[in-house]
K.L.:
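Take a look at the following structure, please.
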Amino acid sequence: MGIAGQEGPRVAGGEGTRFVLGDGRRVIDAMSTPAPLGHRHPRVVEAVSRALHRSPTLDEGWSTPEREAAAEALLGTALAGEDWVGAVRFGLTGSEVNDLALSLCQCVTGRRPLVTRERAYHGMVGLAREMTVQPQWHGGLSSRSGNGVRPVPPAAEVRTLPFPRSDFGQGVRMSREEARRALAGSEPRLQGAAAVIVDYTQGGCYATPAYQDELALLAAEAEVLWIADEVITGLGKGGRWFGFQRGESRPDLITLGKPMGGGAVPAAAVVVSKRVLEMIGDSSWQNYSALRSTDMGAAATRAVIEVIDEEGLVERSDRLHDVIEAAMRSLAAAHPSVERIDGRGLHWWIELHGGDWRTWQGDSAEKPIASVVAERALEAGVMIATSGERTAVLFTLAMVISDEDLERVFQALDHGLQAADEHLAVHSEARV
Ligand SMILES: Cc1ncc(COP(=O)(O)O)c(C=O)c1O
């Protein structure tokens, strides 16, 4: 019996920054967003095991010492100095907490429309799936024999904002004037909306503080709540504890997920501002799930935040940005197949020539060139991701990656991109 929808190599285990493949090979994990300290970090394993041995099975409506300690680590360490923060509620996945945050915004504003930016991915549950506007992630069925797609019909009114395009992490230098131009004409899309949700990696769209600040201004004018989706960037991969901290503006809600579980268990959270707490008032939030908040998740969150803090890994991620940016500039210069590279800190996106993401729905019988590049990189000992894209690959590194492994990742990318160069050459000849 198979597992529906599974493909790719069999992974038998994970140790530190390595995957152990079914054939015994140990390859560098350059694709796991939920493993900021690698796999089975001793501090995380110890914390989760202790919780497993001591904790009650208790639904999310109750407080426990583990949950209190995780809230303290998140609010007191990761979000230290962010005085506007009001409270946290724990969950399991990024999709789930995005649905929670979006529905809360609809509830407190009494409005239905929701806004995101082009090419966004916010998850696969409820309103999060509605806000995932990357065409290939429609939550429906895509035929691999080229017989088209059967997407799930939309249930919500979703509006999209333009994409702030940048290269090599230069979005951080975008001026306010450029941001205004990028968002020109967006006011009507915000009018009457409940929330705008924006993340800091998806679709190859990284930190652009000026865009964030300009959008925050437009959202405030239209009385739209702003959710910072930090499911990938929360806890430091982008060189700040949170992506929004590069800008001057502050969100109304933050959603967090993947790294919170320390590469061991599911854990996620919605953080709400004091202002949103006031909007909730003395009401009870009638949204509940029996297994949503676990002590094992809370223990992992506390441990992962402590290690990141003690070892200065946020600052390290920021420093490594420059090393990676230099390597990416060299790769782009060496490989004609590269159309654009962007990234921030330890998360990077390489866009290849040869396809338009707007028309890609994952319904082709032909193997996408991105998958071929990923296979070649694996030959060179590094697992990178495609996120189901046809012409984009991405890589993300554990915050504890060694300098030698970083070098091996660059070499594997170089090896993988040769396949894209060959593909481009064949297709260009065919067009001549
Ligand atoms: C920005 C962003 N938000 C939300 C999600 C959904 O998180 P999860 O896969 O844990 O449901 C993802 C997943 O990749 C993401 O990249």
Side-chain angles (χ1 to χ4, degrees), residues 5-9 11 19 21 27-33 118-121 132-138 141-149 163 165-168 201-206 324 327-343 347-397 408-432:
Q6 300 289 324
E7 44 192 61
V11 180
F19 281 127
L21 300 188
V27 298
I28 297 172
D29 170 8
M31 59 175 275
S32 290
T33 40
E118 262 191 316
R119 213 179 178 177
Y121 184 103
T132 291
V133 293
Q134 271 189 31
Q136 89 271 20
W137 290 120
H138 46 69
L141 297 168
S142 281
S143 158
R144 291 290 153 89
S145 51
N147 283 329
V149 298
F163 184 101
R165 188 188 154 104
S166 84
D167 296 87
F168 303 115
T201 60
Q202 282 294 347
C205 180
Y206 290 86
I324 301 173
M328 293 304 109
R329 287 184 185 274
S330 304
L331 275 186
H335 292 281
S337 56
V338 170
E339 182 177 326
R340 181 179 78 99
I341 302 186
D342 202 10
H347 195 290
W348 287 78
W349 183 275
I350 303 177
E351 192 99 44
L352 306 167
H353 288 291
D356 186 342
W357 61 267
R358 289 171 192 81
T359 55
W360 173 243
Q361 302 204 58
D363 61 334
S364 164
E366 196 188 331
K367 185 180 283 186
I369 185 59
S371 305
V372 178
V373 172
E375 281 171 12
R376 287 268 189 108
L378 189 59
E379 273 170 28
V382 177
M383 185 115 71
I384 60 170
T386 69
S387 192
E389 297 272 345
R390 175 171 46 172
T391 47
V393 292
L394 56 124
F395 67 96
T396 180
L397 306 165
R408 283 188 60 194
V409 171
F410 300 152
Q411 286 163 5
L413 287 168
D414 187 36
H415 181 67
L417 288 171
Q418 283 165 22
D421 293 346
E422 288 155 18
H423 182 264
L424 181 71
V426 169
H427 284 258
S428 312
E429 267 172 33
R431 271 200 293 276
V432 170

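Note: hydrogens, waters and symmetry copies are ignored here, and every other heavy atom, side chains too, is used. Here the structure is a predicted model, which means the values were calculated and not measured.
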K.L.:
For the atom pair CD1 (I350) and CG (L394), what is the distance rounded to the nearest 0.5 Å?
P.N.:
9.0 Å

K.L.:
Of all heavy-atom pairs between S142 and Q361, which one has the smallest distance, and what is that distance?
P.N.:
OG-O, 2.6 Å

K.L.:
Which pair of non-hydrogen atoms, one from R408 and one from V382, has the smallest distance, and what is that distance?
P.N.:
O-CG2, 3.8 Å

K.L.:
Measuring from atom CG of L331 to atom CG of D414, what distance do you get when rounded to the nearest 0.5 angstrom?
P.N.:
5.5 Å

K.L.:
Can you name the closest pair of heavy atoms from D167 and D342 and give their distance?
P.N.:
C-OD1, 3.5 Å

K.L.:
Please find the pair of heavy atoms, one from G354 and one from T391, that lie closest to each other, and give the distance.
P.N.:
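Residues G354 and T391, closest heavy atoms: C-CG2, 3.9 Å.
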
K.L.:
Run the ring-ring contact (aromatic ring centres under 6.0 Å, His included) test against W349 and tell me which residues pass, sequence neighbours left out.
P.N.:
none

K.L.:
Distance only, no hydrogens: is a donor on one side chain within 3.5 Å (strictly under) of an acceptor on the other, for D421 and S337?
P.N.:
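D421 vs S337: donor-acceptor pair found between side chains.
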
K.L.:
Quick one: does F19's side chain get under 4.5 Å of P9's, heavy atoms only?
P.N.:
no

K.L.:
Using modelled atom types and a 3.5 Å cut-off, is there a donor and acceptor pairing between side-chain atoms of W137 and backbone atoms of A120?
P.N.:
no

K.L.:
H415 and R376: which non-hydrogen atoms are nearest, and at how many Å?
P.N.:
CD2-O, 3.1 Å

K.L.:
What distance do H423 atom NE2 and L352 atom CG have between them, rounded to the nearest 0.5 Å?
P.N.:
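Taking NE2 in H423 and CG in L352, the distance rounds to 9.5 Å.
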
K.L.:
What orientation do W348 and F395 show, parallel under 30°, tilted 30 to 60°, or perpendicular over 60°?
P.N.:
parallel

K.L.:
Would you give the length of the straight line joining atom CG of L378 to atom CE of M31, rounded to the nearest 0.5 angstrom?
P.N.:
10.0 Å

K.L.:
Could you pull out the closest heavy-atom pair between I341 and M328, with the gap in Å?
P.N.:
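That would be CD1-O, 3.6 Å.
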
K.L.:
Roughly how far, to the nearest 0.5 Å, is the NE2 atom of H347 from the CG atom of L397?
P.N.:
9.5 Å

K.L.:
Got a sec, which residues hit ring-ring contact (aromatic ring centres under 6.0 Å, His included) with H353, two or more places apart in sequence or on another chain?
P.N.:
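Scan of H353 (ring-ring contact (aromatic ring centres under 6.0 Å, His included), adjacent residues dropped) gives none.
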
K.L.:
Quick one: pull up CG in L413 and CD in Q418 and give me the separation to the nearest 0.5 Å.
P.N.:
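The CD atom of Q418 is 11.5 Å from CG of L413, to the nearest 0.5 Å.
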
K.L.:
Using modelled atom types and a 3.5 Å cut-off, is there a donor and acceptor pairing between side-chain atoms of R358 and backbone atoms of P135?
P.N.:
no

K.L.:
For the salt bridge (charged side-chain N to carboxylate O under 4.0 Å, His left out) test, which of R165, R390, R119 pairs with E351?
P.N.:
R119

K.L.:
Does the S387 side chain pair with the main chain of E389, one donor and one acceptor, at a distance under 3.5 Å?
P.N.:
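No: the side chain of S387 does not pair with the backbone of E389.
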
